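Just so we're clear, the structure is a prediction, and the values are computed from it rather than from any experiment. For this chain, numbers begin at 1 and follow the sequence in order.
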Amino acid sequence: VSTSHLQLAAFALGTVGWILCTVSMGIVEWRVWHVDNTTIISSGVAWVGIWKVCFISYLHVSPGYKEQFCHKFSGYDSSIPHEIYAAQGLLLIAMFMGLLGLTATIFALRNIYMGITHKTLITRFFLVGGCFYIFAGLCVLIPVSWNFYSVTHNQSIAFPPSYYMPSSPAAQEAGVAIPIGIVAAILLLLSGTFSLSYRFPVTANTVTK
């Protein structure tokens, strides 16, 4: 047990990283667009996520009230940039890989804390869990970095007319989902590093198969 403190920390960090990965995937504020024309986008701000784009409008509601309009991205919209579709797929993979990493780590820690000194089994599960964590972290880091690059270079998106969105904003900035994704990637990569660093104590009475 005394040799597995880092791996226990890996499980804690991996759990938080997996939760943050899931949160960032569901948040629509990946890119915050500031637009000049407020005829439909009344607040002058629109949020571009990886699943949909949303904005506040007063156009179809009574004065003094506001309503959020959202348009979900279709898989057939060729105008949607590749980094958005890549984020959809990679974050789903990251969520699944992170869950597998947590499962492997739980199994290894269970054996340790229950006194089951099976060297090969414990070591392999920490190894597998660490690989899953690192793969999940990379799957988060790639789309987050890609979308952040698009924001910093103020890249435009040719939305279909039905979205009521301009093709380019007056300015844009990174939304809250991007820093959350960065933290998630760092935690998952740390979890993988800690899991892979496990060394079974050579003085223990082990059962090797």
Side-chain angles (χ1 to χ4, degrees), residues 4-33 45-55 68 70-73 75 80-110 112 124-155 157 169 172-198:
S4 62
H5 295 320
L6 271 181
Q7 287 65 47
L8 187 60
F11 171 71
L13 294 175
T15 301
V16 176
W18 182 79
I19 292 172
L20 291 179
C21 168
T22 307
V23 169
S24 69
M25 184 170 59
I27 293 177
V28 71
E29 293 91 350
W30 276 69
R31 307 187 197 182
V32 181
W33 278 30
V45 176
W47 302 280
V48 181
I50 62 173
W51 304 104
K52 58 186 177 181
V53 56
C54 297
F55 55 83
Q68 186 180 65
C70 293
H71 298 276
K72 292 183 178 179
F73 295 140
I80 304 303
H82 297 302
E83 62 266 27
I84 288 180
Y85 286 130
Q88 293 177 359
L90 288 173
L91 286 177
L92 285 173
I93 293 173
M95 188 173 65
F96 182 65
M97 292 293 104
L99 189 59
L100 291 178
L102 290 173
T103 303
T105 307
I106 288 172
F107 188 83
L109 289 172
R110 170 187 172 274
I112 289 175
R124 283 181 179 174
F125 269 96
F126 276 134
L127 177 63
V128 170
C131 291
F132 280 137
Y133 284 139
I134 290 176
F135 188 69
L138 292 175
C139 285
V140 176
L141 187 61
I142 291 171
V144 167
S145 303
W146 195 354
N147 279 274
F148 183 71
Y149 174 86
S150 298
V151 170
T152 55
H153 287 74
N154 200 29
Q155 293 185 354
I157 301 175
Q172 64 176 301
E173 59 191 35
V176 67
I178 289 182
I180 289 177
I182 291 173
V183 173
I186 292 172
L187 292 180
L188 288 168
L189 292 173
L190 281 175
S191 300
T193 303
F194 290 166
S195 293
L196 293 176
S197 67
Y198 180 75

Apply side-chain contact (heavy atoms from CB on, under 4.5 Å) to residues Cys139 and Met97 and explain how you reach the verdict. CA-CA 9 Å; Cys139 285; Met97 292 293 104; 5.6 Å; no
Could you check Tyr133 against Leu196 for side-chain contact (heavy atoms from CB on, under 4.5 Å), going step by step and ending with a plain yes or no? CA-CA 10 Å; Tyr133 284 139; Leu196 293 176; over 6 Å; no
To the nearest 0.5 Å, what is the distance between CD on Glu29 and CD1 on Ile180? 9.0 Å
Tell me the closest heavy-atom pair linking Gly137 and Leu188, and the distance in Å. CA-CB, 3.8 Å
Rounded distance [0.5 Å steps], CG in Leu92 versus OG1 in Thr22: 9.5 Å
In Å and rounded to the nearest 0.5 Å, what is the CD1 to CZ distance from Ile50 to Phe73? 9.5 Å
Looking only at atom types and distance, does a side-chain atom of Glu83 sit under 3.5 Å from a main-chain N or O of Ser145, one as donor and one as acceptor? no
Any side-chain heavy-atom pair from Gln155 and Pro81 closer than 4.5 angstrom? no
Using 0.5 Å steps for rounding, measure from the CG atom of Leu99 to the CZ atom of Phe132. 10.0 Å
Any non-hydrogen side-chain atom of Thr105 less than 4.5 Å from a side-chain atom of Ser195? yes
Of all the heavy-atom pairs spanning Gly192 and Ile134, show the shortest one and how long it is. CA-CG1, 3.7 Å
About how many Å separate CH2 of Trp33 and CH2 of Trp47, when rounded to the nearest 0.5 Å? 14.5 Å
Got a second to check how far Leu8's CG is from Leu109's CG, nearest 0.5 Å? 6.0 Å
Between Cys21 and Ser24 the two heavy atoms that sit nearest each other are O-OG, 2.9 Å
Which atom of Ala184 lies closest to which atom of Val140, heavy atoms considered: CB-CG1, 4.4 Å
Is there a side-chain contact between Trp30 and Ile178 in this structure, where contact means two heavy atoms from C-beta onward sitting under 4.5 Å apart? yes
What heavy-atom pair brings Glu173 and Val151 nearest, and what distance separates the two atoms? C-CG1, 3.4 Å
Closest non-hydrogen atom pair between Trp146 and His82, with its separation: CH2-CB, 3.9 Å
Side-chain contact test, heavy atoms from C-beta onward, threshold under 4.5 Å: evaluate it for Ile84 versus Ile157 and give yes or no. yes
Side chains of Trp18 and Leu187 in contact at under 4.5 Å (non-hydrogen atoms): no
